[in-house]
Chemist: 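Have a look at the structure that comes next, please.
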Amino acid sequence: MHQDIKEILISEEQIKEKVAELGKRLSEVYKDLNPLCICVLKGAVPFMADLIRKMEIPMEMDFMAVSSYGNATTSSGVVRILKDLEASIEGRHVLIVEDIIDSGLTLSYLVEMLKGRNAASVKIATLLDKPDRRKVDLSPDYSCFTIPDAFVVGYGLDFAEKYRNLPYIGVLKEEVYQ
Ligand SMILES: O=P(O)(O)OC[C@H]1O[C@H](OP(=O)(O)OP(=O)(O)O)[C@H](O)[C@@H]1O
Ligand SMILES: [Mg+2]
């Protein structure tokens, strides 16, 4: 285990199992709909990469970057669009793929924005859901794990851009960010 990690919350094996399960479910839901999976950079990259390989249906992908955190561990509430989609989503079935819903500020902004572009549907698939910290009324359509209120890293999630490459979800030692 990495020296900055206090505890492994979700193991590599557990992630693998849940992601495969979700991929199978999405394959049924989105069969014949040619969904557009939108990966929210950068945290959702490992989840997106693993999830789409468990979706055994025609699909397309695109990427967006919106940032609200910077290098802090709590949200500033300010959502900035750093990179927009490449193509129109009009009439498309959109699935937003996220690593974590914390305050919900990032996604509530994103969902409203994408709905305004006349998509046929806009749904959310998240690896982690941290409902205790929610500041807006938002719940994911698909979620792999519900986690307690702790700052977690790994499998895409960072603290100051580090730890994204850990294969598990771990709780960071307090002394690392204090
Ligand atoms: O529900 P919220 O409180 O809005 O927090 C969740 C968002 O914050 C993180 O992104 P961040 O802005 O850190 O960008 P990153 O994915 O590049 O790390 C995370 O990846 C989510 O997108
Ligand atoms: Mg981050």
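Just follow the structure's listing: the first ligand is 1, and inside any ligand the first atom is 1.
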Chemist: Rounded to the nearest 0.5 Å, how far does CG of D99 lie from SG of C144?
Modeler: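 With rounding to 0.5 Å, SG (C144) is 11.5 Å from CG (D99).
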Chemist: Show me which atoms of ligand 1 lie under 4.0 Å from any heavy atom of D158.
Modeler: 18 (O)
Chemist: Below 4.0 angstrom from a heavy atom of K42, which ligand 1 atoms are there? Numbered from 1 as shown, please.
Modeler: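 With K42 as reference, the close atoms of ligand 1 come out as 15 (P), 16 (O), 17 (O).
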Chemist: When rounded to the nearest 0.5 angstrom, what is the spacing between CD in E17 and CD in Q14?
Modeler: 8.0 Å
Chemist: Please answer whether the main-chain N or O of I124 pairs with a side-chain N or O of D141 as donor and acceptor at a distance below 3.5 Å.
Modeler: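 Side chain of D141 to backbone of I124, a donor-acceptor pair under 3.5 Å: yes, one is there.
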Chemist: For ligand 1, is there an atom lying under 4.0 Å from some heavy atom of R164?
Modeler: yes
Chemist: I'd like to know if D149 and R134 make a salt bridge, using a cut-off of under 4.0 Å between side-chain N and carboxylate O.
Modeler: no
Chemist: Looking at every heavy atom in both M55 and P35, which two are closest together, and how far apart are they?
Modeler: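 Between these two residues, the closest heavy atoms are CE-CG, 4.3 Å.
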Chemist: Salt-bridge test for E161 and K42: reply yes if a basic N is under 4.0 Å from a carboxylate O, no otherwise.
Modeler: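 Salt bridge between E161 and K42, a charged N being under 4.0 Å from a carboxylate O: yes.
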Chemist: Can you tell me if an N/O/S atom from D158 lies under 2.8 Å from the Mg ion (ligand 2)?
Modeler: yes
Chemist: Using a plain distance cutoff, I'd like to know if G104 has any nitrogen or oxygen under 3.5 Å from a nitrogen or oxygen of ligand 1.
Modeler: yes
Chemist: Below 4.0 angstrom from a heavy atom of E98, which ligand 1 atoms are there? Numbered from 1 as shown, please.
Modeler: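 Every atom of ligand 1 under 4.0 Å from some heavy atom of E98: 20 (O), 21 (C), 22 (O).
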Chemist: Identify, by atom number and element, the atoms of ligand 1 in contact range of L41, meaning under 4.0 Å from any of its heavy atoms.
Modeler: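 In order of number, 16 (O), 17 (O).
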Chemist: Looking at OG of S11 and OH of Y168, how far apart are the two atoms once the value is rounded to the nearest 0.5 Å?
Modeler: 11.5 Å
Chemist: Check I100 against ligand 1 and report side chain, backbone, both or neither, counting heavy atoms closer than 4.0 Å.
Modeler: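 Looking at I100 and ligand 1, atoms from backbone and side chain both fall under 4.0 Å.
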Chemist: When only distance counts, is L107 in polar contact with ligand 1, meaning an N/O pair under 3.5 Å?
Modeler: no
